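In what follows, a structure is listed as structure tokens, so that the remarks can point back to it.
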Amino acid sequence: NNISEEHIAEMAQTLYKKSLSDTDSDELIVVEEQKRSNRFIFAVAACIVALIGVVTMVSVMLLNGGIGVQPSESDTSSKTVIYENDGYEYRILTDGTAEIVKYTGNATELTLPTDINGKKIIAIGENAFADCKELKKLTLSYNITAIGENAFAENIALCIPRGSVAEVYVDSSKNKITYEFTNKPVGDIISSGEYKYQSLSDGTIELVSYNGNDENVVIPETIDGKTVTSVHQDTFQYKEETLISVSLPDTITNIDGYTFYLTENLKEVYLPKNLTVIKEHTFEACDKLEKIEFPQNLRYVEDSAFAYNYALVTLNIPEGTTKIGGSAFFACYNLETVKFPRSLKAIEAGAFASCKLLCSANIGSGNPEDKLVIGESAFKGCANLRTAVIREGVISIGDRAFADSTESPCALEEITLPRSLTHIGEDAFTKSAVLFCHRDSYAESYAKENGLNYVNPIDEEYEKIFGSFEYILLPD
């Protein structure tokens, strides 16, 4: 980056002159051979210029928010191929699974199939069932890990499993949705060894109490020949002082909110791979929880799920996770590093506020077509957060998202902002922060209007030499 274009040209000329001076004047020079030699020298110089150009472009691109991944044609609405089968219109996603785009049948009761033409159905698109006036009852499974806005007409009663993405969807929906659980408790509570359980309407069981005294608990997959799929919030009540580690089998798909709330000596938790939602307050105030491995199928981390966890140092949030709820990791004072997945669509209010040792944040997919929202006060009061890179795909940053709090300042010195931003809230950044942003972007206008320091990393000289660009698409 320190070698100018002029210097490269001088180097090429020097090499050329040297090639001439090194030739003995008394020797017979073959002209064509000399020309080939000179062409080779200039070709090498040209390669050097080109290589420096590429390195410079990549460097500037990283400064502007990271490397983007080019969306496939199946993710581009204008090029998406829609298939039809048995009343379902669907599209194939990049991982080979399917999303239901629209239902055109006339059924009054319907169980959504788990696959269609050999493709696993994992998503329901926007307005997919919005026009189904005859449909009265729709049953969904755990397979569904994404649901678009206004997916269902108000006349449809949903049958959904507890602990599923569908449960979170109906709880947070702005529309009125009638629903019931496919795995609701039925019958009496039964004692079996160290456990008490209750049967569920789908034939599986839910743990309601653990009566043992073990510090390290391994929950079995079955009890009395029945599959354990759910853990009630009172299962470990009164074990707050003795429980050190818990291993949950992969058969479990639901863990109630507050299940491990205030379990002050809990150090390790092994979550089931099929868990898609970590519910509100599940691990709140677990002072000594230092090891948590998130399941690869995780989609949502709900409100205050890990708030006031003082032993957490590192988080690796898996790809596929789309939402981190409000105050999810609030006041995790010793949290230093977080790997944010590119799949995120929302980091809600106060999600990482008062994480005093968090030193950096790299957020966003790099794809301008994505729509990630960072909520108000999301990183407020992060006293060690000096740099942040907000990549393309982030469209909104809420009020005081990177501001000081009454308890501690936010140490933000530099933040890189993408062209995709269309909203920045009041007092979003500390007054001393320098905003790295594109010329003529919303972020630049915000900086000017609010008297903030800003820098355009791509200066005019680079654009003269290499042309203007937003980001480079490279494979993972």
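Bear in mind that the values here come from a model prediction, so they are computed numbers and not experimental data. Values below: every heavy atom of this structure, side chains too, minus hydrogens, waters and symmetry copies.
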Original post:
If you round to the nearest 0.5 Å, how far is CZ of Phe429 from OH of Tyr446?
Top reply: 6.0 Å

Original post:
How about Glu206 and Ser230: does a side-chain donor come under 3.5 Å of a side-chain acceptor?
Top reply: yes

Original post:
Could Glu149 and Lys174 be called an ion pair, given the rule that one side-chain N must be under 4.0 Å from one carboxylate O?
Top reply: no

**OP:** Go through the side-chain N and O atoms of Asn143 and Thr145 and say whether any donor and acceptor fall under 3.5 Å apart.
**Re:** no

Original post:
Between Asp224 and Ser192, does any side-chain donor sit less than 3.5 Å from a side-chain acceptor?
Top reply: yes

**OP:** Establish, from distance only, whether the side-chain atoms of Asp370 and Ser365 form a donor-acceptor pair under 3.5 Å.
**Re:** yes

**OP:** Under the side chain to side chain donor-acceptor pair (under 3.5 Å) rule, what do Asn334 and Lys356 come out as? Steps first, then yes or no, please.
**Re:** CA-CA 7 Å; Asn334 292 301; Lys356 296 182 178 181; over 6 Å; no

Subject >> Exercise: do Lys288 and Asn309 side chains pair donor with acceptor under 3.5 Å >> reply: no

**OP:** Give, for atom OH of Tyr258 and atom OG of Ser304, the distance between the pair rounded to the nearest 0.5 Å.
**Re:** 7.5 Å

Subject >> Ionic contact status for Arg91 with Glu99, cut-off 4.0 Å >> reply: yes

**OP:** List the steps and the verdict of side chain to side chain donor-acceptor pair (under 3.5 Å) for Thr204 and Asp202.
**Re:** CA-CA 6 Å; Thr204 63; Asp202 62 357; 2.7 Å; yes

Original post:
Going by atom types alone, do Asp250 and Asn274 pair a side-chain donor with an acceptor below 3.5 Å?
Top reply: no

Original post:
Distance from Thr263 atom OG1 to Tyr238 atom OH, nearest 0.5 Å?
Top reply: 13.0 Å

**OP:** Examine the side chains of Asp131 and Tyr103 and answer whether a donor and an acceptor come within less than 3.5 Å of each other.
**Re:** no

**OP:** In plain terms, say whether Arg386 and Glu413 are close enough for a salt bridge, that is, a side-chain N and a carboxylate O under 4.0 Å apart.
**Re:** yes

Subject >> Pair Asn297-Arg299, side-chain donor/acceptor within less than 3.5 Å >> reply: no

Original post:
Does the side chain of Val218 reach to within under 4.5 Å of the side chain of Tyr270, using non-hydrogen atoms?
Top reply: no

Subject >> Residue pair Leu110 / Leu135, side-chain heavy-atom distance below 4.5 Å >> reply: yes

Original post:
About how many Å separate OH of Tyr90 and CD1 of Ile121, when rounded to the nearest 0.5 Å?
Top reply: 9.0 Å

**OP:** Decide whether Tyr210 and Asp234 meet the rule of one side-chain donor and one side-chain acceptor closer than 3.5 Å.
**Re:** no

Original post:
Between Ser164 and Tyr142, do the side chains contain an N or O donor and an N or O acceptor separated by less than 3.5 Å?
Top reply: no

Subject >> Basic-acidic side-chain contact under 4.0 Å: Glu290, Lys267 >> reply: no

